[in-house]
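Working notes, beginning with the structure itself.
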Amino acid sequence: MLIGNYQHNIDPKGRVIMPAKFREELGDIFYATKGKDNTITILSKDAWDELGRKIAAMPSSKTVQISRFLFASAAELIPDKQGRVLIPQNLREYAGLDKDVVINGNGSKVEIWDGKAWDDYNNSLSGDDVYDIMDQLEL
């Protein structure tokens with residue numbers, strides 16, 4: 001399970017260090033695409049392939065928009081020896097990534113957030129938003 005929160009910087013070439021803990025779970029090759037809340041979603045090859053199978057199993061009339069949204073913007077990421085991955089320009093622009101980023105484990109995926117957007121998101125949450133779901137999960 002992908003868990004944890006890491007703060008990093010994007011270098012001038014658009015590379016960011018993917019935490020070693022995440023690289024171990026994601027594998028040697030993983031995939032980046034547009035995510036919710038103007039984030040970048042990172043999936044392992046297995047999770048990416050499963051997503052493709054789920055979309056392919058649905059009627060194309062229902063999936064054409066999500067297919068275009070996810071697959072046209074996607075990129076295969078291969079970490080270099082320092083653990084850096086190049087985030088393509090189109091994804092950096094989508095997520096508003098400039099310098100400071102937050103890399104979050106979110107169960108079966110990783111999210112990359114602009115640092116300020118992450119702070120704004122957390123500051124916008126009310127206790128009720130979280131506590132109701134925690135009650136349902138019996139936490």
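Positions are given from 1, in the same order as the sequence printed here.
- Each of Thr39, Asn106, Asn5 was scored for a side chain to side chain donor-acceptor pair (under 3.5 Å) with Glu111, with one residue passing: Asn106.
- Other residues, nucleotides and ligands contribute at most 12 non-hydrogen atoms within 6.0 Å of the CD atom of Gln7.
- Side-chain heavy atoms closer than 4.5 Å link hydrophobic residues (I, L, V, M, F, W, Y) into clusters, and following such links, even through other members, never connects Leu86 to Ile10.
- Residues Leu97 and Val102 fall into different hydrophobic clusters, defined by Ile, Leu, Val, Met, Phe, Trp and Tyr side chains chained together at heavy-atom separations under 4.5 Å.
- Heavy atoms from other residues, nucleotides or ligands lying under 6.0 Å from CD of Gln89 number more than 12.
- Counting all heavy atoms, side chain and backbone alike, Lys34 lies closest to Ser73 at CG-OG, 3.4 Å.
- Counting non-hydrogen atoms of other residues, nucleotides and ligands closer than 6.0 Å to CG of Asp119 gives a total above 12.
- Taken from CG in Asn104 to NZ in Lys109, the straight-line distance is 11.0 Å, to the nearest 0.5 Å.
- Among all heavy-atom pairs drawn from Phe30 and Leu43, the shortest one is CB-O, 3.2 Å.
- The shortest distance between side-chain heavy atoms of Val110 and Ile103 falls below 4.5 Å.
- A salt bridge (charged side-chain N to carboxylate O under 4.0 Å, His left out) check over residues 72-90, counting only residues at least two apart or in different chains, returns the pairs Asp80-Arg84.
- Here the closest heavy-atom approach between residue Met58 and residue Thr63 is recorded as CB-CG2, 3.4 Å.
- A side chain to side chain contact (heavy atoms under 4.5 Å, CB included) with Leu77 is found for one member of Val16, Ile40, Ile87, Asp28 and no other, namely Ile87.
- The two residues Tyr31 and Ser44 come nearest to each other via the heavy atoms CD1-O, 4.3 Å.
- The hydrophobic clustering, which links ILVMFWY residues whose side-chain heavy atoms are closer than 4.5 Å, places Ile29 and Trp48 together.
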Walk me through whether Trp113 and Tyr121 qualify under ring-ring contact (aromatic ring centres under 6.0 Å, His included). CA-CA 10 Å; Trp113 288 73; Tyr121 173 78; 5.1 Å; yes
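- To the nearest 0.5 angstrom, Leu26 atom CG is 12.0 Å from Lys21 atom NZ.
- Counting heavy atoms of neighbouring residues, nucleotides and ligands inside a 6.0 Å radius, atom CZ of Arg68 does not exceed 12 of them.
- Considering only heavy atoms from C-beta on, Leu51 comes within 4.5 Å of Leu70 through its side chain.
- Nearest heavy-atom pair across Gly52 and Phe71 is CA-CZ, 4.1 Å.
- Scanning all heavy atoms of the two residues, the minimum distance from Ser67 to Ile55 falls at OG-CG2, 3.3 Å.
- Atom OH of Tyr131 has 12 or fewer neighbouring heavy atoms from other residues, nucleotides or ligands inside a 6.0 Å radius.
- Hydrophobic clustering keeps Met18 apart from Ile78 (ILVMFWY residues linked when any side-chain heavy atoms are closer than 4.5 Å, directly or through intermediates).
- Applying the ring-ring contact (aromatic ring centres under 6.0 Å, His included) test to pairs two or more places apart or on separate chains, those with a residue in residues 1-21 are Tyr6-Phe22.
- In the hydrophobic clustering of this structure, Leu2 groups with Ile42; members are Ile, Leu, Val, Met, Phe, Trp, Tyr whose side-chain heavy atoms approach within less than 4.5 Å, directly or through other members.
- Residues satisfying the side chain to side chain donor-acceptor pair (under 3.5 Å) criterion with Asp46, sequence neighbours excluded, are absent altogether.
- Rounding to the nearest 0.5 Å places CG of Leu137 at 11.0 Å from CG of Asp132.
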